[in-house]
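One structure below.
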2 protein chains.
Amino acid sequence: MDLPLESGDDGAAAGPRERARARIEAKILGAAESVFAEHGFSGASMSEIARRAGIPKPNLHYYCKTKEELYQRVLRHILDLWLSTADEIQANADPAAAFAHYIAAKIDLARRHPLASRVFANELIHGAPRLGDFLENELQDWVAKKSKVIDGWVKAGKMHPVDPRHLFFMLWAATQTYADFAVQIAAVLGRKSLKPADYDRAALQTTEIVLRGLGLK
Amino acid sequence: MDLPLESGDDGAAAGPRERARARIEAKILGAAESVFAEHGFSGASMSEIARRAGIPKPNLHYYCKTKEELYQRVLRHILDLWLSTADEIQANADPAAAFAHYIAAKIDLARRHPLASRVFANELIHGAPRLGDFLENELQDWVAKKSKVIDGWVKAGKMHPVDPRHLFFMLWAATQTYADFAVQIAAVLGRKSLKPADYDRAALQTTEIVLRGLGLK
DNA sequence: GTCTATAAACTGATAGAC
DNA sequence: GTCTATCAGTTTATAGAC
């Protein structure tokens with residue numbers, strides 16, 4: 001199971017009315033995330049989401065006009081989670097520590113929010129038809145900024161030369177795989193589901209190979 | 001576009017009747033693969049598959065009784081493709097050459113069969129409900145066999161010690177991401193779709209980082 | 001705000017004429 | 001083998017009573 005989605009508190013003191021509404025919306029978003037993660041957009045049904053949220057179907061439509069709108073809310077929550085990953089890839093940081101921290105943070109995200117990761121992965125696999133301009137704008141900007149930092153480290157002779165963009169593709173893939181393809185990993189490891197120790201081992205080895213691979217160890 | 005799926009020739013000399021049937025079945029499997037890749041199992045509709053295969057919907061049901069059966073055929077074709085990847089991870093091989101070859105082959109697979117890779121990825125993301133015992137049997141056996149080889153290389157002091165299973169998770173992820181998440185990668189690279197040079201660069205850098213990371217360079 | 005009943009569209013699958 | 005017509009079931013979404 002995943003942690004329930006938080007419904008951004010609207011700042012000002014909330015009365016019991018607003019509190020109740022917020023609690024329901026949080027339940028809806030959590031239920032929606034789990035159903036979308038399991039079945040994808042088309043496969044998810046509003047009835048199932050309502051059932052998991054513990055409310056009648058028409059009430060779900062009262063809070064969220066359309067399935068599309070509900071999906072967009074879930075997706076936006078996930079993108080914010082993704083971008084806000086505290087990372088320390090900054091010019092004045094130590095490269096080895098920065099990459100180690102980034103890998104650990106990403107695997108931690110995969111462990112704590114596997115459903116969110118899967119909804120996002122599903123969206124990408126099918127060509128990102130509902131992702132709007134996130135990839136072209138927000139993500140590209142993010143990568144451009146971080147790439148400059150890495151280029152700086154390379155020029156300063158602190159690490160082996162690399163194409164930072166492909167490095168990120170590799171880091172994203174190697175870490176998110178522990179959320180997106182958890183069934184495959186669990187099956188190969190002979191488990192029913194991944195244990196904390198599995199994620200720790202994954203982070204350790206991934207960090208080791210990447211750091212050595214970048215000439216940082 | 002993907003290469004059309006080949007319909008395993010039934011050996012013996014085929015008459016024009018069988019040839020016609022084989023051609024139609026190949027068209028159906030190719031259409032099915034593309035629709036399943038785009039929309040997932042639930043999102044894919046038999047009408048759309050029939051339309052893309054250029055035949056009326058009832059004819060599609062004539063060749064493939066149910067949507068489930070059609071999906072299973074597509075899936076099986078993909079699994080065979082996956083397992084048959086010529087790899088040189090064998091005890092008497094040179095580790096550096098073997099890993100370099102494996103990475104190149106996997107990225108080549110991602111380039112040549114992106115749709116197949118996406119259907120498989122989609123299946124895994126949603127918990128592999130239609131994958132039968134492939135993960136627990138065929139794949140686990142494959143990994144166990146290859147892991148022994150790698151353990152041997154480690155014991156012989158040819159490379160740094162690693163958990164071979166997590167190494168495979170990393171290699172699979174880092175290579176398949178160029179098929180599964182191609183939209184994301186293309187967007188970040190500022191392209192409409194990936195160019196041959198992008199795959200080459202990916203293979204080169206991935207190999208470099210992995211080999212160095214394993215103490216093979 | 002909540003719920004019963006239902007509309008309107010689409011789905012996988014088939015019957016049966018050719 | 002091929003295709004027209006259609007069935008039975010589900011889907012998203014809403015109307016309207018409470």
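Residue numbers begin at 1 in each chain, while the letters A, B, ... track the order of the sequences.
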Would you mind reading off the distance between [X] atom [atom1] and [N] atom [atom2], rounded to a whole angstrom?
X	N	atom1	atom2	result
F36(B)	dG12(C)	CZ	C1'	12 Å
E68(B)	dA13(C)	CD	C1'	14 Å
L70(A)	dA13(D)	CG	C1'	14 Å
K27(B)	dG1(D)	NZ	C1'	17 Å
I49(B)	dG12(C)	CD1	P	8 Å

*In residues 58-65 of chain B, what residues come within less than 4.0 Å of DNA chain D, judged by heavy atoms?*
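Only P58(B), N59(B), Y62(B), Y63(B) qualify.
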| Mind checking whether W172(B) and W82(B) have parallel, tilted or perpendicular rings, split at 30° and 60°? |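 Taking W82(B) first and then W172(B), their aromatic rings stand perpendicular (interplane angle over 60°).
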>> Is the ring pair F36(A)/F41(A) parallel, tilted or perpendicular, if the boundaries are 30 and 60 degrees?
In response: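 F36(A) and F41(A): parallel rings.
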Q. Do the non-hydrogen side-chain atoms of Y178(A) and F169(B) ever get within less than 4.5 Å of each other?
A.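 Of all side-chain heavy-atom pairs linking F169(B) with Y178(A), at least one is under 4.5 Å.
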Quiz item: Is there a side-chain contact between T177(B) and T177(A), using heavy atoms and a 4.5 Å cut-off?
Solution: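 No, their side chains stay 4.5 Å or more apart.
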Polar pairs (N or O, both sides) under 3.5 Å between protein and nucleotides 6-11 of chain C?
none

From D163(B) CG over to Q205(A) CD, what is the distance, rounded to the nearest 0.5 angstrom?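 Separation between the atoms: 5.5 Å.
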**Study point:** D198(B): which of K192(B), R191(B), R111(B) passes salt bridge (charged side-chain N to carboxylate O under 4.0 Å, His left out)
**Key:**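 The salt bridge (charged side-chain N to carboxylate O under 4.0 Å, His left out) with D198(B) is passed solely by R191(B) among K192(B), R191(B), R111(B).
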Donor-acceptor check, side chain of E123(B) to backbone of R130(B), threshold 3.5 angstrom: yes or no?
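Between the backbone of R130(B) and the side chain of E123(B) there is a qualifying donor-acceptor contact (under 3.5 Å).
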_Check this for me, if you would: do D80(A) and R76(A) make a salt bridge, where the nitrogen-to-carboxylate-oxygen distance has to be below 4.0 angstrom?_
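Salt bridge present between D80(A) and R76(A).
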